[in-house]
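Worksheet: the structure to be examined is printed underneath.
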Amino acid sequence: MASVFEYAPAPESRAIADIAPSYGLYIDGEFVEAADGKVFKTVSPSTEEVLSEIARAGSEDVDRAVKAARRAFEKWSALPGSERAKYLFRIARIIQERSRELAVLETLDNGKPIKETRDADLPLVAAHFFYYAGWADKLDHAGYGANPRPLGVAGQVIPWNFPLLMLAWKIAPALATGNTVVLKPAETTPLSALFFADICRQAGLPKGVVNILPGYGDAGAALVSHPDVNKVAFTGSTAVGKEIARTVAGTRKKVTLELGGKGANIVFDDAPIDQAVEGIVNGIFFNQGQVCCAGSRLLVQESIQEELLDSLKRRLSTLRLGDPLDKNTDIGAINSEEQLTRITSLVEQGEAEGAERWSPACELPESGYWFAPTLFTNVTQAHTVARDEIFGPVLSVLTFRTPDEAVAKANNTPYGLSAGIWTEKGSRILAVANKLRAGVVWSNTFNKFDPTSPFGGYKESGFGREGGRHGLEAYLDV
């Protein structure tokens with residue numbers, strides 16, 4: 001993109017991540033082929049090159065992994081919490097030691113900029129393992145009664161937008177509480193989970209405690225419906241989340257679902273404009289907008305709309321789109337051709353419905369999956385771009401006049417995952433936040449995460465909480 005500054009290329013070396021030509025499933029402490037011999041290829045979104053060939057799990061493999069996790073559960077759950085904590089601390093330290101390698105790997109397989117994987121994803125991944133390691137021997141004091149017990153085998157299905165971070169969100173509390181795990185990563189981003197399997201071996205984790213099954217939706221469905229799985233954790237689309245809820249209905253399985261979102265970023269007339277613009281950009285263009293809690297709806301007070309939009313457009317014109325391994329890149333590649341097609345279709349629908357589309361001057365690379373950062377103005381609540389989760393770098397701008405109108409518009413969505421409030425008045429922050437039906441509300445910031453803080457949604461954004469003390473409950477029989 002055009003920029004007021006000229007930046008020389010500053011690429012991170014991809015040689016740091018040594019990717020093998022093929023990988024197997026990780027079951028009972030070993031890498032093995034799929035029972036039916038099926039494989040699939042994982043592709044770099046920024047270049048469309050094949051990175052590796054991956055064994056594709058089927059129902060027979062799911063059964064093998066669940067049985068391995070069940071066998072391991074007896075000894076793992078019987079360990080004192082202080083002993084389990086040692087493994088978690090060890091995993092956290094190895095993640096830190098290998099963070100540069102893992103950041104490059106995640107960028108290659110996912111398409112997000114290296115500065116995001118390096119500075120946001122990997123530090124948070126390690127922090128979650130450190131945090132839950134600290135809880136492992138203190139479960140009696142977590143507020144869930146004396147001697148809370150683990151559930152058993154946890155079946156976990158994670159998405160492609162934050163592959164390693166979502167793995168940490170799920171595996172760390174499961175292991176700390178004494179459960180064993182069978183995890184299915186997304187088919188477009190399996191590599192970091194397979195590298196994590198190697199970290200488990202490096203840390204000496206007992207066989208069968210963690211099992212990794214790359215595969216497609218059929219493998220995830222088999223895992224969710226397996227009769228010997230005691231706990232299901234899923235992060236992904238609302239449609240799949242509803243299907244999972246139907247599958248486990250009537251069983252004794254415990255479930256947490258973290259689903260879609262259409263977060264509102266509310267900017268009042270007394271907000272610091274420059275600070276708000278940075279928060280807006282971070283809220284919707286971080287990870288190319290492929291974030292469930294993205295601030296994809298900007299609600300700006302009518303009196304400052306023109307000033308804010310002028311400043312926002314100037315800021316977008318300085319963003320740099322291109323090679324995700326370049327440390328100067330702000331906007332990376334869309335994760336897959338399928339996702340790019342969905343974004344393109346919804347944006348075209350927004351234009352057809354009369355919303356006004358704007359993007360900065362932007363030259364897209366010839367290969368890979370790319371979409372320019374996009375604004376929609378003249379948007380009403382009836383527009384598709386204001387209702388549907390686009391999951392891309394697309395911001396819909398609406399206006400309001402009063403705080404009550406802002407709250408009404410923010411809550412006018414089937415989702416309830418996140419929201420942001422920008423104002424200098426602390427009283428207004430508290431008053432508005434208490435009326436928003438969102439699982440997390442940020443004030444004068446956006447997309448701030450910490451392992452000590454719970455995260456989750458209302459309505460069609462799911463139920464249950466991950467992170468913090470609250471994240472322990474989902475893996476305990478309380």
Side-chain angles (χ1 to χ4, degrees), residues 81-82 84-99 102-103 106 112 116-144 148 150 154 156 158-159 161-179 181 183 185 192-193 196 199-200 203 205 209-210 231 233-235 256-258 261 282 286-287 291-293 417-418 438-443 445-457 461-476 478:
S82 57
R84 292 198 301 272
K86 291 178 183 178
Y87 289 103
L88 287 164
F89 276 123
R90 203 173 299 155
I91 288 170
R93 287 195 297 270
I94 294 171
I95 288 169
Q96 287 184 320
E97 291 164 3
R98 298 179 63 176
S99 62
L102 292 168
E106 197 84 314
K112 66 173 69 179
E116 293 182 9
T117 56
R118 179 196 64 195
D119 299 340
D121 292 21
L122 263 301
L124 276 172
V125 170
H128 272 81
F129 280 98
F130 276 125
Y131 175 73
Y132 281 109
W135 269 116
D137 62 348
K138 304 175 185 66
L139 299 178
D140 285 347
H141 310 287
Y144 302 118
Q156 304 175 332
I158 60 173
N161 57 338
F162 291 94
L164 199 54
L165 183 57
M166 293 298 99
L167 176 151
W169 278 25
K170 289 173 172 52
I171 289 183
L175 298 191
T177 50
N179 299 274
V181 167
L183 179 133
S192 55
F196 179 79
I199 288 172
C200 289
L205 194 70
V209 173
V210 169
K231 153 74 181 169
F234 172 76
T235 295
T256 49
L257 301 173
E258 196 259 283
N282 182 48
F286 181 77
N287 196 19
V291 184
C292 51
C293 58
L417 194 54
S418 67
V440 58
V441 180
W442 288 290
S443 58
T445 188
F446 210 90
N447 274 342
K448 294 295 182 184
F449 292 95
D450 189 280
T452 66
S453 179
F455 181 85
S461 289
F463 50 82
R465 294 293 181 266
E466 293 181 303
R469 180 184 65 84
H470 306 69
L472 298 167
E473 182 181 7
Y475 293 94
L476 292 171
V478 295

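Note: hydrogens, waters and symmetry copies are ignored here, and every other heavy atom, side chains too, is used. These numbers come from a predicted model, not from an experiment.
The salt bridge (charged side-chain N to carboxylate O under 4.0 Å, His left out) test applied to Lys86 returns Glu83, not counting sequence neighbours. In this structure, the side-chain contact (heavy atoms from CB on, under 4.5 Å) partners of Ala233, at least two apart in sequence or on a different chain, are Gln156, Lys170, Lys231, Thr256, Tyr475. Taking Arg98 as the reference, Glu101, Asp198 meet the salt bridge (charged side-chain N to carboxylate O under 4.0 Å, His left out) condition, with sequence neighbours excluded.
Relative orientation of the Trp442 and Phe449 rings is perpendicular, given thresholds of 30° and 60° on the angle between their planes.
With hydrogens and angles ignored, the 3.5 Å screen pairs no side-chain donor or acceptor of Asp121 with any backbone N or O of Leu164. Of the possible polar contacts, one joining the Glu116 side chain to the Asn287 backbone as a donor-acceptor pair under 3.5 Å is found. Looking at Tyr132, its side chain never comes within 3.5 Å of a backbone N or O of Ala85 through a donor-acceptor pair.
Remark: aromatic rings of Trp169 and Phe455 are close, center separation under 6.0 Å.
Judged by the 6.0 Å distance and 45° axis criteria, Arg90 is positioned over the aromatic ring of Tyr87.
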Verdict with supporting geometry, Glu106 and Phe162, side chain to side chain contact (heavy atoms under 4.5 Å, CB included): CA-CA 9 Å; Glu106 197 84 314; Phe162 291 94; 6.0 Å; no

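Taking 4.5 Å as the limit, every side-chain heavy atom of Thr235 sits out of range of all side-chain heavy atoms of Ile158. Between Ile199 and Leu102, the closest side-chain pair of non-hydrogen atoms falls below 4.5 Å.
Counting non-hydrogen atoms of neighbouring residues, nucleotides and ligands closer than 6.0 angstrom, the NZ atom of Lys448 reaches no more than 12 such neighbours.
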